[in-house]
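Below, chain A is the first sequence line, B the second, and so on; all start at residue 1. Only this structure's heavy atoms are used, side chains among them; waters, hydrogens and symmetry mates stay out.
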Protein chains: 2
Amino acid sequence: MERTYIDLASNPIASPTKIKILEAAIELFSKRGFSGASVRDITNEVGIKESSLYKHFKNKDEILETIFAFFRKEADKILPPMEHLDFIAEKMNLVEFLERGMQNFKRHLDDEINQKIWRIMYIELFRHPMAKDIYRNGIVKRTVDCLEVVFAKMIERGKMVTRDPKRLAIEYQYPLYPIIVEYNLLMSEGKSTEEIDAQVIEHIRYFADQCGVTS
Amino acid sequence: MERTYIDLASNPIASPTKIKILEAAIELFSKRGFSGASVRDITNEVGIKESSLYKHFKNKDEILETIFAFFRKEADKILPPMEHLDFIAEKMNLVEFLERGMQNFKRHLDDEINQKIWRIMYIELFRHPMAKDIYRNGIVKRTVDCLEVVFAKMIERGKMVTRDPKRLAIEYQYPLYPIIVEYNLLMSEGKSTEEIDAQVIEHIRYFADQCGVTS
DNA sequence: GTCTATAGTAAGATAGAC
DNA sequence: GTCTATCTTACTATAGAC
């Protein structure tokens, strides 16, 4: 998996050591939280001395911020660009659209690094402004907005029931959040997530049915 | 607000100092997480020396465990006892039942201490076995089970649409979780939560409507 | 059950040689 | 950009007097 981390000025990170530090930090923060994992733990994992870390990051906080900056970019990739929504509403039916969206999201969440950062997000949600902002605006709000636009266009085209598209967007999307939490919990325990896939399929079917679409 | 904390052997805690320690810990853990708040921070808040704390708790971990033990008991109070469900399904209609349930839950969540412990729960969810267990079994599973039973009985009585009651229970309950997260976020920021109440009302109305009940 | 005192470890971070 | 060495502070926890 080739990945492009970025620094706080949005420039790609080339240094292999800096990347190793980031990935060790992601691993440790996701298991013990930011304050539960020390700079010493991180550098031990990487195989450098503590003092060397400070050539790459000005302090411990900057590591976390860099992780969140990367994750914001990753979260952006989950949804299709706004310019495509017209095309999507034109060419796809409701169930195709929802299933495609889930596939996209699963691809995002099957990445081990993203998964770990999700866990860091939960841990830091109430404390760190970037975690809060990414969750609220980068994920929840953006997704609702995207769904709302597509649903509105589909309603126009008679592809689904006539109802407030924003309400539909919320009712479709919100149930997925506790499912994602459970998915992350199962993954962190190394357990099977088959049950989750079934849940998602049932939810899509239920929703489509409510919308006058028989899949 | 009179509250009964319990120790790890389930005995009520009488010592005022021990209670002060718990409440200071709840405050600090909810803001900084378990590993982000030190024993020193807690005792400073209480007004005792660090060494005195160890007369009340054998170590720092035991404080967190005691908090979770209390919360498990609090979570039990959110739902009506299983023996009442027959009566409920008999006497109430769907919307009454859901609204009553939300009032109950709001009463739980309007308690400042419970709110803070919810935040601790999120922070420790991936790390602490008790947090995991309370979330999964004490909250999510228990609520789904309760809803499923009541929905099944209401379907029997023709009070709502004939559908898999478990699916209905999930579709009703799951959307509430991200709403609870947002409620907790807003409260922790000292912001207004009116928007949340409106969300919940709209969700209940939407759900009832899907179930062939016009409220 | 509180205190003072202290042990022993671990934390984040810097100086300066190479 | 890595190292050794070090600083300073903070951490959990215990011993023992009152």
_Under 4.0 Å between a side-chain nitrogen and a carboxylate oxygen: does that hold for B:Glu148 and B:Lys166?_
no

*Report the C-alpha separation of B:Arg72 and B:Met130 in whole Å, then their side-chain angles, then the decisive distance to 0.1 Å, and conclude whether the side-chain contact (heavy atoms from CB on, under 4.5 Å) test is met.*
CA-CA 9 Å; B:Arg72 176 171 284 141; B:Met130 286 181 75; 4.1 Å; yes

_I want to check one thing: is the phosphate of D:dT2, taken as OP1 and OP2, less than 4.0 Å away from some side-chain N or O of A:Thr17?_
yes

*Does NZ or CZ of A:Lys18 lie under 6.0 Å from the centre of the six-membered ring of A:Tyr5, at an angle within 45° of the ring axis?*
no

*Hey, does the side chain of A:Ser52 come within less than 4.0 Å of D:dC3's phosphate (OP1/OP2), counting only N and O?*
yes

*Let me know the distance between CD1 of B:Ile48 and P of C:dC3, rounded to the nearest Å.*
7 Å

*Answer yes when A:Arg100 and A:Glu96 have at least one side-chain N-carboxylate O distance shorter than 4.0 Å, and no when they do not.*
no

*Salt-bridge present (A:Asp145, A:Lys141; N to O < 4.0 Å)*: yes

*Just say parallel, tilted or perpendicular for the rings of A:Tyr122 and B:Phe126, cut-offs at 30° and 60°.*
parallel

*May I ask you to decide whether A:Arg136 forms a salt bridge with B:Glu189, counting only side-chain N to carboxylate O separations under 4.0 Å?*
yes

*Give the rounded distance in Å between these two atoms: CG of A:Leu53 and P of C:dG12.*
10 Å

*Provide, to the nearest angstrom, the distance between the NZ atom belonging to B:Lys18 and the P atom belonging to C:dG1.*
9 Å

*In residues 22-32 of chain B, what residues come within less than 4.0 Å of DNA chain D, judged by heavy atoms?*
none

*How does protein contact run along nucleotides 11-18 of chain D, one letter per nucleotide 5' to 3', with B for base contact, S for sugar-phosphate only, - for none, heavy atoms under 4.0 Å?*
BBBBB---

*What is the distance from atom CG of B:Leu53 to atom NZ of B:Lys58, rounded to the nearest 0.5 Å?*
13.0 Å

